[in-house]
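When a ligand or atom number is given, it counts from 1 through the structure's own listing order. On a predicted model such as this, the values are computed, not experimentally measured, just so you know.
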Amino acid sequence: METIYGTGRREASGTMSSSNLIMSEPIRVLVTGAAGQIAYSLLYSIAKGDVFGKDQTLILVLLDITPMMTVLDGVLMELQDCALPLLREVIATDKEEVAFKNLDVAVLVGSMPRKEGMERKDLLKANVKIFKSQGAALDKYAKKSVKVIVVGNPANTNCLTASKSAPSIPKENFSCLTRLDHNRAKSQIALKVGVTANDVKNCIIWGNHSSTQYPDVNHAKVKVQGKEVGVYEAVKNDNWLKGDFISTVQQRGAAVIKARKLSSAMSAAKAICDHVRDLWFGTPEGEFVSMGVISDGNSYGVPEDLIYSFPVVIKNKTWKFVEGLPINDFSREKMDLTAKELSEEKEMAVEFLSSA
Ligand code: NAX
């Protein structure tokens, strides 16, 4: 099934008479899992220009599975009813060959959720199947310059699976979301110091988007009364920073589920917007952010060929590792632990990949 709303095949001429703004050529953005709860917040933010800018027109493509098509129709109707000037076209579909065609950006949110009694291995297997297929569709139909952002869990390993299944697209074009964890860390520090999140920068999430992730503030700065200082100096509580701070960030997803009976959605959508906007426009001078990207074996002692969350800076739509940060023994141990988990996940995924 495929529903299209909008201006059909009208070629972008560079201007949109309705708004008197000079508009650029529309970019084609896919969101998968589009009938789900994260997408419900995310689609509105993207469509109104929070990510690609207020003068970038868009063709939004929504993919979900066949049983969700009636729900997706409702999402499509709501997007129409928002009457947003940037939206040239919205395409709702359950077909990969439609969804992945000519993409500039793919945000892969949909995945197989963990069901009661499901083993981690079975979950991984089900997701290898999904991300192998979507990776192959990217390879076949998307632009070679496409930026692929994987959100659906296990996000790091799903991202690796998609990348391996799309050999004609550069590995560097794939990243997975750890920005929610990054934002959680930033916010915990801001709350503790009594400043706003904007006053905190350069937190790092290392490793897997799981409870083994390592939130590291050894290199982070906080602005207190107009002066930038190290987080350890501002917080003045090493025990908290090495204990409850880390476990709060690691367990935050579970805490939200316990309280809300649903997983993080508003904050996840906000984090996806932050991640993609930075990929598109770059990171501010002097700041770095966390994202899961392919390891090269030469950075921070992380084994090669894992999608591991690192501190990165972004310029001209290209990310680079932040290099040369000193790593103490406390950090080393935690960074290795999360790398070990990712290596195990990779081993299982590779095994399933050959049989999926
Ligand atoms: P929902 O269950 O509300 O929505 C998921 C949607 O994906 C459903 O509509 C489902 O039909 C669809 N879907 C399943 N398989 C699909 C496929 N093969 N192709 C297209 N669509 C498919 O989940 P939601 O709360 O939106 O979360 C989505 C994913 O994000 C989950 O895997 C979740 O664990 C993950 N998260 C990842 C985060 C991260 O930081 N990396 C944070 C938030 C979130 O927990």
Side chains of residues 139-154: which donor-acceptor pairs under 3.5 Å do they make with residues two or more places apart or in other chains?
residue : atom : partner : partner atom : Å
Asp139  : OD1  : Ser168  : N            : 2.8
Asp139  : OD1  : Ser168  : OG           : 2.5
Lys143  : NZ   : Asp104  : OD1          : 2.7
Lys143  : NZ   : Asp104  : OD2          : 3.4
Lys144  : NZ   : Asp139  : O            : 2.7
Lys144  : NZ   : Ser168  : OG           : 2.8
Lys147  : NZ   : Lys317  : O            : 2.8
Asn153  : OD1  : Ala155  : N            : 3.2

Atom 16 (C) of ligand 1 [closest protein heavy-atom partner, distance rounded to 0.1 Å]
Ile65 CG2, 3.6 Å
At the 4.0 Å heavy-atom cut-off, does Gln134 count as touching ligand 1?
yes
Residues Asp336 and Arg332 bridged, charged N to O under 4.0 Å:
yes
Heavy-atom contact check, 4.0 Å cutoff: does Gly253 meet ligand 1?
no
How far is atom 6 (C) of ligand 1 from the closest protein heavy atom, and which atom is that?
Gly33 CA, 3.5 Å
Pi-cation contact, Phe330 with Lys242 (under 6.0 Å, within 45°)
yes
Decide whether the shortest distance between a heavy atom of Met68 and an atom of ligand 1 is less than 4.0 Å.
yes
Quick test: of every protein heavy atom, which one is nearest to atom 8 (C) of ligand 1, and how far off is it to 0.1 Å?
Asp64 OD2, 3.6 Å
How close does the nearest protein non-hydrogen atom get to atom 39 (C) of ligand 1, and which residue and atom is it?
His209 NE2, 3.2 Å
From the candidates Pro113, Ser210, Ala268, the one that places a heavy atom nearest atom 43 (C) of ligand 1
Ala268
Ser175 side chain to His275 side chain, donor-acceptor N/O pair below 3.5 angstrom:
yes
Any Lys/Arg nitrogen of Arg252 or Asp181 sitting under 4.0 Å from an Asp/Glu carboxylate oxygen of the other?
no
Any residue meeting side-chain contact (heavy atoms from CB on, under 4.5 Å) with Ala47, in chain and number order, not counting sequence neighbours
Leu60, Leu79, Leu84, Leu87
Lys/Arg-Asp/Glu bridge criterion (N-O < 4.0 Å) met for Lys101, Glu97
no
From Leu108 atom CG to Leu63 atom CG, the distance as rounded to the nearest 0.5 Å:
9.0 Å
Return the option from Ile38, Leu30, Asn158 holding the heavy atom at the smallest distance from atom 27 (O) of ligand 1.
Ile38
Against ligand 1, does Ser111 come closer than 4.0 Å with any heavy atom?
yes
Considering non-hydrogen atoms of the protein only, which is the closest contact for atom 23 (O) of ligand 1, and what is the distance?
Gln37 CG, 4.4 Å
Starting from atom 29 (C) of ligand 1, locate the nearest protein heavy atom and write down its residue, its atom name and how far away it is, to 0.1 Å.
Val109 O, 3.2 Å
